[in-house]
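Structure record follows, encoded as structure tokens.
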2 protein chains.
Amino acid sequence: MNYELLLREHKLKVTPQRLGILTLMQNAGHLDVEELFVLIKKQFSSISLATLYKNINAMLENSLITEIKIPRHKSKYEIAKEPHIHLLCQKCNEFIDVSVNIDSLVDEVSMKSHYQLMDSSIVLCGVCEKCQAL
Amino acid sequence: MNYELLLREHKLKVTPQRLGILTLMQNAGHLDVEELFVLIKKQFSSISLATLYKNINAMLENSLITEIKIPRHKSKYEIAKEPHIHLLCQKCNEFIDVSVNIDSLVDEVSMKSHYQLMDSSIVLCGVCEKCQAL
DNA sequence: CTGAGTGCAAACGTTTTGCACTTGC
DNA sequence: GCAAGTGCAAAACGTTTGCACTCAG
């Protein structure tokens, strides 16, 4: 993925710190602020938490990344992509994406509520395959 | 609803403050900490935020209430009940429950991911009927 | 060259803690 | 009577802000 282009497309200046943040997010899939700070410090030992927060907020405002609020956990951040849902393993805390078509759910809810729906935040919790085997 | 019984069933002592908190939650449907504090102060003018937090946490731990994390908003709390999903109006911030069967979604995700799913957190965002009319 | 980004320290709002006192059971 | 809950003040925590300096465009 070309992060320089990605930043420019979202009207954000390209800085080494931002490239590092995006690379880490992409590699990990989802990271919370603390995880991100620990990792980014390895590359930029003098980076400050303030800079991290400012960049996260700038990228959120420009919809370059999205925040995922998770029951009983800290928010995680991911590079914005097509709509999808999230799965959380309650044993090992694995957190993954799943692509699934939610049109029928949205249609049904739309019908019942008369809401015009535009966005969804879906997190399902359970036990992953590996943890079931234990 | 009998809140005294509800508290006892969840192994929590019955106090006037707790009864007040539960009554407010039930009447409003969902409240965030700040809203709850403003309202409960009208009944117990000397109640402290610490007490409110301690009670919210105690009730959460005993699954008497649940926390709903909402994108771009503060968490709200509601008295625990059968699984359901939430709708948020992005214009007027109305926040409502909807009962909808999510078995087919859960089955599909379960099949794809091999997760054993046990819990769901679903918030759909859009525009309510009244706001669409404006 | 100029506006935006960075890093630091201080401030801020929210939540938790410790403690003395009170209350439910 | 005793464990648990309450209210207060202080502390802890996560996040934001102001400012001087640096850097991207």
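Chain identifiers are assigned alphabetically (A, B, ...) following the order of the sequence lines, protein sequences preceding nucleic acid strands; residue numbering begins at 1 within each chain. Since the structure is predicted, the reported quantities are computational estimates derived from the model, not experimental observations.
D:dC13 atom P lies 15 Å from atom CZ of A:Phe37, rounded to whole Å. Atom CE of B:Met59 and atom P of D:dA4 are 16 Å apart (whole Å). Rounding to whole angstrom units, CG of residue B:Leu49 and C1' of D:dA10 are separated by 14 Å. One atom, CD of B:Gln17, and another, P of C:dT23, lie 10 Å apart when rounded to the nearest Å. Rounding to whole angstrom units, CD1 of residue B:Ile56 and P of D:dT6 are separated by 12 Å. Straight-line distance from the NZ atom of A:Lys41 to the C1' atom of C:dT6: 14 Å, rounded to whole Å. The CG atom of A:Asn57 sits 16 Å away from the P atom of D:dG14 (whole-angstrom rounding). Put simply, CG on A:Asp32 is 14 Å from C1' on D:dC13, counting in whole angstrom units.
Under a 4.0 Å N-O distance rule, the pair A:Lys76/A:Glu35 qualifies as a salt bridge. B:Lys112 has no carboxylate O lying under 4.0 Å from a charged side-chain N of B:Asp107, or vice versa, which leaves the two without a salt bridge.
With sequence neighbours excluded, no residue forms a side-chain hydrogen bond (donor to acceptor under 3.5 Å, both in side chains) with A:Lys91. Evaluation of the ring-ring contact (aromatic ring centres under 6.0 Å, His included) rule for B:His114 yields no partner, not counting sequence neighbours.
Each of B:Arg18 and B:Ser46 has a nearest nucleotide on DNA chain D; the 5'-most of these lies closest to B:Arg18. The nearest heavy atom of DNA chain C to B:Arg8 and to B:Val33 marks one nucleotide each, and the one closer to the 5' end goes with B:Val33.
Side-chain N or O atoms of B:Thr66 include none that pairs as donor or acceptor with a backbone N or O of B:Ala80 at under 3.5 Å. Using a distance-only test at 3.5 Å, with no hydrogens or angles considered, a donor-acceptor pair links the side chain of A:Thr23 to the main chain of A:Leu19.
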Compile the donor-acceptor pairs under 3.5 Å between side chains in residues 4-16 of chain A and protein atoms, sequence neighbours left out, one pair per line.
from	atom 1	to	atom 2	distance (Å)
A:His10	ND1	A:Asn62	O	2.8
A:Thr15	OG1	A:Arg18	N	3.2

Protein-nucleic acid N or O pairs under 3.5 Å, nucleotides 22-24 of chain D:
from	atom 1	to	atom 2	distance (Å)
D:dA24	O3'	A:Val14	O	3.3

Pairs under 3.5 Å (N/O, protein and nucleotides 17-19 of chain D):
from	atom 1	to	atom 2	distance (Å)
D:dG18	O6	A:Lys54	NZ	3.0

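A parallel orientation is assigned to the rings of A:His86 and A:Phe95, their planes being inclined by less than 30° (bins at 30° and 60°).
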Stepwise side-chain hydrogen bond (donor to acceptor under 3.5 Å, both in side chains) check, A:His73 with A:Asp32:
CA-CA 9 Å; A:His73 289 263; A:Asp32 63 36; over 6 Å; no
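Contacts between residues 61-80 of chain A and DNA chain D, counted as heavy-atom distances below 4.0 Å, involve no residue at all.
OP1 and OP2 of C:dG5 both lie 4.0 Å or more from every side-chain N or O belonging to A:Asn55.
How far CG of A:Leu36 is from NZ of A:Lys41: 13.0 Å, rounded to the nearest 0.5 Å.
Residues A:Val123 and B:Val106 do not share a hydrophobic cluster, defined by chaining ILVMFWY side chains whose heavy atoms lie under 4.5 Å apart.
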